[in-house]
Protein chains: 2
Amino acid sequence: MLNQSPDLDRLFHALADPARRAMVERLSRGPAPVSELARPLPMSLPAAMQHLSVLEAAGLVRSEKVGRIRQCAIQPRALSQAEQWINAQRREWERRLDRLADYLKTLDNEGDGDGRGD
Amino acid sequence: MLNQSPDLDRLFHALADPARRAMVERLSRGPAPVSELARPLPMSLPAAMQHLSVLEAAGLVRSEKVGRIRQCAIQPRALSQAEQWINAQRREWERRLDRLADYLKTLDNEGDGDGRGD
DNA sequence: CTGATACTAAAGCATATGCTTAACCAATCG
DNA sequence: CGATTGGTTAAGCATATGCTTTAGTATCAG
C-alpha cells in the first residue's frame with residue numbers, strides 16, 4: 001500500500017533544514033558560488049558543502065565548476081514536484097468536504113425533523 | 001541572516017517519510033483511528049504511533065480520544081504553510097527571470113552591434 | 001467478573017545525521 | 001616561483017532517528 005517515493009523523501013528532507021532552505025532562498029534570487037551560499041551560515045565550509053550535496057541529491061540545485069569556483073543554480077522543477085504532492089492532498093480533502101456537503105444537503109431534503117449527521 | 005522557521009523544519013521533516021506521507025494521504029480521504037493508519041505500514045503499532053506524534057508536532061494532524069480509540073484528522077492549514085514557502089521561492093525566481101528578460105530587451109534596444117552581455 | 005481490543009509508555013539498540021578539524025588539490029595572484 | 005583563494009576529501013564524534021520488544025492502562029463485550 002505504501003506509495004514509495006524516494007524522490008519526495010529526498011525533496012522534503014532537503015527542505016527540512018533551515019540552512020538548506022536559506023541556500024534555496026538565496027539561489028531563488030540568482031546563481032551563486034559555494035562560498036557565498038556558505039558565508040551567512042553558522043558553520044564551517046565543509047558542513048555547508050554537505051548541505052549543498054543534499055540539495056543536489058534532491059534535484060533542487062545544479063552546480064557546475066568553472067575555474068576554481070563552483071556556480072550553483074536552483075532547479076525549479078524539483079520544487080514543483082513537492083508542490084504537486086501537497087496539491088494532490090488538498091484536492092483529496094476538498095473532494096471529501098464536497099461529498100460531505102452533498103450528503104448533508106441530501107439529508108436536509110429528505111428528512112426534515114433532524115438535520116444533524118454529527 | 002538565517003530565516004529561522006522551526007515550523008517549516010517540523011513540517012517538511014514530517015513529510016519526508018513515506019510512512020508519514022501515507023498517513024497524510026489516508027487522512028486526506030477522511031478521519032481514521034490510529035490502528036487503521038498503522039495497518040498498511042510495515043512496522044509495529046508503537047512505531048506508527050511515533051510517526052503519528054511527529055505529524056501532530058508538525059501540526060499536520062489533530063487527534064482526539066473517544067472511548068478507547070483515537071480518531072485522527074488532517075489539519076489542512078499546516079500543509080498550506082509549506083505550500084506558501086514553495087510559492088514564495090517560485091515567485092522570487094520568476095521575478096528574477098523577468099528582470100533578466102527586461103535586461104536583455106534593453107540591450108537589444110540600446111546597442112545593435114553586440115547584444116551579448118555574457 | 002474475564003478476556004479481548006486499542007492504545008501508550010519505556011527501555012534498548014543499530015544506524016543515520018550534522019557537525020568538527022586536518023589535510024589536500026587546483027586555479028589565480030604578486 | 002611561492003602564497004592565497006575556493007573547494008574537496010576524509011576521519012572522528014556527539015546526538016538524533018527509527019525501529020524493536022516488553023509491559024503496561026483504559027475501554028468495551030459477554
Side-chain angles (χ1 to χ4, degrees), chain A residues 1-24 26-27 30-73, chain B residues 1-24 26-27 30-73:
Chain A
M1 182 79 228
L2 257 185
N3 196 350
Q4 287 284 32
S5 263
D7 280 18
L8 283 177
D9 288 15
R10 279 190 288 268
L11 204 42
F12 283 126
H13 173 247
L15 295 177
D17 185 280
R20 292 194 287 262
R21 281 200 309 279
M23 287 178 164
V24 169
R26 168 61 190 81
L27 291 176
V34 172
S35 51
E36 186 173 333
L37 295 179
R39 198 171 320 125
L41 302 180
M43 64 185 69
S44 66
L45 181 61
M49 293 275 308
Q50 286 173 27
H51 283 298
L52 185 61
S53 70
V54 170
L55 289 172
E56 291 207 53
L60 278 164
V61 168
R62 204 180 60 88
S63 75
E64 187 188 4
K65 196 147 185 182
V66 39
R68 66 179 163 177
I69 82 171
R70 175 174 295 278
Q71 276 289 338
C72 305
Chain B
M1 181 83 228
L2 257 186
N3 195 350
Q4 288 284 34
S5 262
D7 280 17
L8 283 177
D9 288 15
R10 279 190 287 267
L11 204 42
F12 283 126
H13 172 248
L15 295 177
D17 185 281
R20 291 194 288 261
R21 281 200 309 280
M23 285 178 165
V24 169
R26 168 62 189 81
L27 290 177
V34 172
S35 51
E36 187 174 332
L37 295 178
R39 198 171 320 127
L41 303 180
M43 64 184 70
S44 66
L45 181 61
M49 292 276 306
Q50 287 171 28
H51 283 299
L52 184 61
S53 69
V54 170
L55 290 172
E56 291 208 54
L60 278 164
V61 167
R62 204 180 61 88
S63 75
E64 188 189 2
K65 196 144 187 185
V66 39
R68 65 180 163 177
I69 83 171
R70 175 174 294 277
Q71 275 290 336
C72 305

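Computed over heavy atoms, backbone and side chain alike; hydrogens, waters and symmetry mates excluded. Per chain, numbering begins at 1; letters A, B, ... match sequence-line order.
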State the [atom1]-[atom2] distance between [X] and [Y], to the nearest 0.5 angstrom.
X	Y	atom1	atom2	answer
A:S44	A:Q50	OG	CD	7.5 Å
B:L37	B:L52	CG	CG	6.5 Å
A:R21	B:L8	CZ	CG	4.5 Å

B/S/- contact track for nucleotides 16-30 of chain D, protein heavy atom under 4.0 Å
--SBBB-----BS--

Residues forming a side-chain contact (heavy atoms from CB on, under 4.5 Å) with A:A16, sequence neighbours excluded:
B:F12, B:H13

Just to verify, what does B:S53 make a side-chain contact (heavy atoms from CB on, under 4.5 Å) with, not counting sequence neighbours?
none

Between [N] atom [atom2] and [X] atom [atom1], what is the distance in whole Å?
X	N	atom1	atom2	answer
A:E36	D:dT5	CD	P	17 Å
A:E56	D:dT8	CD	C1'	13 Å
B:R39	C:dA6	CZ	C1'	12 Å
A:M49	D:dT8	CE	P	4 Å
A:I69	D:dT4	CD1	C1'	16 Å

If the condition is side-chain hydrogen bond (donor to acceptor under 3.5 Å, both in side chains), which residues does B:E36 pass it with, not counting sequence neighbours?
B:R26

Any protein N or O atoms within reach of nucleotides 13-15 of chain D? Criterion: under 3.5 Å, listing atom names and distances.
none

Look only at the side chain of A:R20 and the backbone of A:A14, and say whether a donor-acceptor pair between them is shorter than 3.5 Å.
yes

Can you list every side-chain hydrogen bond (donor to acceptor under 3.5 Å, both in side chains) pair that touches residues 54-64 of chain B, not counting sequence neighbours?
B:E56-B:S63, B:S63-B:R70

D:dG7 phosphate, OP1 or OP2, under 4.0 Å from A:S35 side-chain N/O
yes

